[in-house]
Number of protein chains: 2
Amino acid sequence: MSRKDYHKGNVREGLIEAAERVLHDEGLVALSLRRVAREVGVAPSAVYNHFKNREALLAAVAADGYRQIAELELAAYSGQSKSAAVVRGVARDYLHFAAANPNLYRLMFSHDVVGYRSDPELGQAGDRSFGISVDWWYGSGSYDPGQTALEYPYAMSVWAILHGLALQMIDGLVTMDLSKRESVDKLADTVMDIFLEGASLGLVDK
Amino acid sequence: MSRKDYHKGNVREGLIEAAERVLHDEGLVALSLRRVAREVGVAPSAVYNHFKNREALLAAVAADGYRQIAELELAAYSGQSKSAAVVRGVARDYLHFAAANPNLYRLMFSHDVVGYRSDPELGQAGDRSFGISVDWWYGSGSYDPGQTALEYPYAMSVWAILHGLALQMIDGLVTMDLSKRESVDKLADTVMDIFLEGASLGLVDK
DNA sequence: GCATAATGTGAACATTGTTCATATTCTTCC
DNA sequence: GGAAGAATATGAACAATGTTCACATTATGC
């Protein structure tokens, strides 16, 4: 082994970045531990010095995704009054994130792959993103991670419909151009109209 | 090779049944092609006489799931007037299905694993289940698979919120007992109240 | 009855996640 | 400065997986 075969820099960070790149460009199927190691120029076994196993590496990537969503929520929610316009704005931003990072978005919610509750960092990042929404709907400081989501029905409902919509969109169930801002906006607006005004409006017997 | 080493019966059906059993009991991770072959008592290569590859086998399982949902929708929708009570009923049934078959439900919507649009049988089964909902909201015969889902905003919104809610539930984001009918019903009712009446009710500036 | 299609077998291959013994480098303390 | 020990790297090995291949057996149709 020659001296230059060794890496000094921040390998852990490099692994995450490489994983994010492969995930974005080629999807979860291509995201093997060995592939990521190859990408960074390191032996497969070296990965285990930084992550417990493949799942832990994926969890780190997913946690990064939750942090991005939390940022997006903070920007849209913080200091805003409880108006429908704010909800509409968050919906747009949320869908834009999913449209720009479909594979990352899918991974974040593949709880059978990444074990949401088993990785503390991941669970924490997820809770935080939900908590931001709860605090807006129910008042700052309302969120308690120990409580069940049922305690926050508005925040839970918003997230449910946004998540379902995002999946429908990135899985191609809605025919549209994911790269067009206007298409994504229109989708968000159409569904949020119904959600905010109430689906009863579409019924005969209300 | 002796004569009795050969299988005569319907191997294809046996493979699907075994796959459904393994999926239900042990999850997608355990659902390997070789495992299913072992379960049926057949060589791994024999599977390729009945399915193009592993993905096609999974797609057949997923298609079965969509047919179950279609049945459930038919039972709840057919001949019913457009009332909120019907929507609430479908929501309960939908969540009950997801609660009883969490792994199957996840697989059905893992479009990166099963390739929703690449398998014709799967796409058709999925379209049918969506079509039943569309026909109820917009009148029998309204559904056209060539149209984008955006043409049917009510059907799309309902499905989005139910799907998001189902995932939240089976992934344990809502603390509850999945086997208790009342728990599932309460979750469905709480969220459908908001969806039907409009989330604006929770806002200050409506 | 026989050609042929359908369906089965086992061996082989590349790839994957993971572990292990071992080698190199970094850090820290004297 | 230099030695001890923690971090971090390596390559070899293992079992398991999806898939293909040459070939054997059974079923079907003329």
Side-chain angles (χ1 to χ4, degrees), chain A residues 1-19 21-23 25-62 103 107 110 112-115 118-119 122, chain B residues 1-19 21-23 25-62 103 107 110 112-115 118-119 122:
Chain A
M1 256 172 288
S2 78
R3 148 182 305 213
K4 64 187 277 284
D5 285 351
Y6 275 84
H7 292 71
K8 29 206 155 191
N10 198 336
V11 174
R12 191 190 143 95
E13 205 166 299
L15 287 169
I16 295 182
E17 276 167 23
R21 191 168 3 102
V22 172
L23 178 64
D25 296 345
E26 307 176 39
L28 181 59
V29 179
L31 191 48
S32 69
L33 182 147
R34 291 177 105 108
R35 168 68 186 278
V36 175
R38 228 176 293 138
E39 210 81 11
V40 176
V42 95
S45 50
V47 177
Y48 290 85
N49 287 322
H50 305 279
F51 298 97
K52 184 169 162 282
N53 50 28
R54 175 179 184 254
E55 187 183 328
L57 170 57
L58 299 191
V61 172
N103 292 327
L107 172 67
S110 296
D112 51 340
V113 177
V114 290
S118 67
D119 186 303
L122 180 60
Chain B
M1 256 172 288
S2 77
R3 150 181 304 215
K4 64 187 278 282
D5 284 351
Y6 275 84
H7 293 71
K8 27 205 157 192
N10 198 338
V11 174
R12 191 191 142 95
E13 204 165 300
L15 288 169
I16 295 183
E17 277 168 23
R21 193 169 0 104
V22 172
L23 178 64
D25 295 346
E26 306 176 40
L28 181 59
V29 179
L31 190 47
S32 69
L33 182 147
R34 291 176 104 109
R35 168 68 186 277
V36 175
R38 226 176 292 138
E39 210 81 10
V40 176
V42 95
S45 50
V47 177
Y48 290 85
N49 288 323
H50 305 279
F51 298 96
K52 183 169 164 282
N53 49 29
R54 174 179 185 255
E55 187 184 330
L57 170 57
L58 299 192
V61 173
N103 292 327
L107 172 67
S110 297
D112 51 340
V113 177
V114 291
S118 66
D119 186 303
L122 180 60

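In what follows, every chain begins at residue 1, and chains take the letters A, B, ... in the order their sequences are listed. No hydrogens, no waters, no symmetry mates; every other heavy atom, side chains included, goes into these values.
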Applied to residues 43-61 of chain B, the salt bridge (Lys or Arg N to Asp or Glu O under 4.0 Å) test, sequence neighbours excluded, yields none
Residue pairs passing the side chain to side chain donor-acceptor pair (under 3.5 Å) test with at least one member in residues 36-45 of chain B, sequence neighbours excluded, are B:R21-B:E39, B:R35-B:E39
Do side-chain atoms of B:R34 reach the backbone of B:P44 as a donor and acceptor pair under 3.5 angstrom? no
inquiry  = Heavy atoms only, 4.0 Å cut-off, all strands: where does B:R38 land among base, sugar-phosphate and nothing?
reply    = sugar-phosphate
Expected list for residues 48-60 of chain A near DNA chain D, using heavy atoms below 4.0 Å, is A:N49, A:H50
What do the steps show when you test A:E26 against A:L31 for side chain to side chain contact (heavy atoms under 4.5 Å, CB included), and what is the final call?
CA-CA 8 Å; A:E26 307 176 39; A:L31 191 48; over 6 Å; no
So, with a heavy-atom separation below 4.0 Å from DNA chain C, the residues of residues 25-36 of chain A are A:S32, A:L33, A:R34
- Has the side chain of A:S45 got a donor or acceptor atom sitting under 3.5 Å from an opposite partner on the base of D:dG11? yes
Sorted by chain and residue number, the side-chain contact (heavy atoms from CB on, under 4.5 Å) partners of A:Y48 (sequence neighbours excluded) come out as A:L33, A:N53
Residues at least two apart in sequence or cross-chain that pass side-chain hydrogen bond (donor to acceptor under 3.5 Å, both in side chains) with B:N103, listed by chain then number, are B:R106
Rounding to 0.5 Å, atoms CG (B:D119) and CG (B:L57) come to a distance of 11.0 Å
A:R12 atom CZ is separated from D:dA9 atom P, nearest whole Å, by 12 Å
Per atom distances to the A:V42 side chain, the nearest of D:dT10, C:dG10, C:dT18 is D:dT10
Closest non-hydrogen contact found for A:V61 with A:L23 is CG1-CD2, 4.0 Å
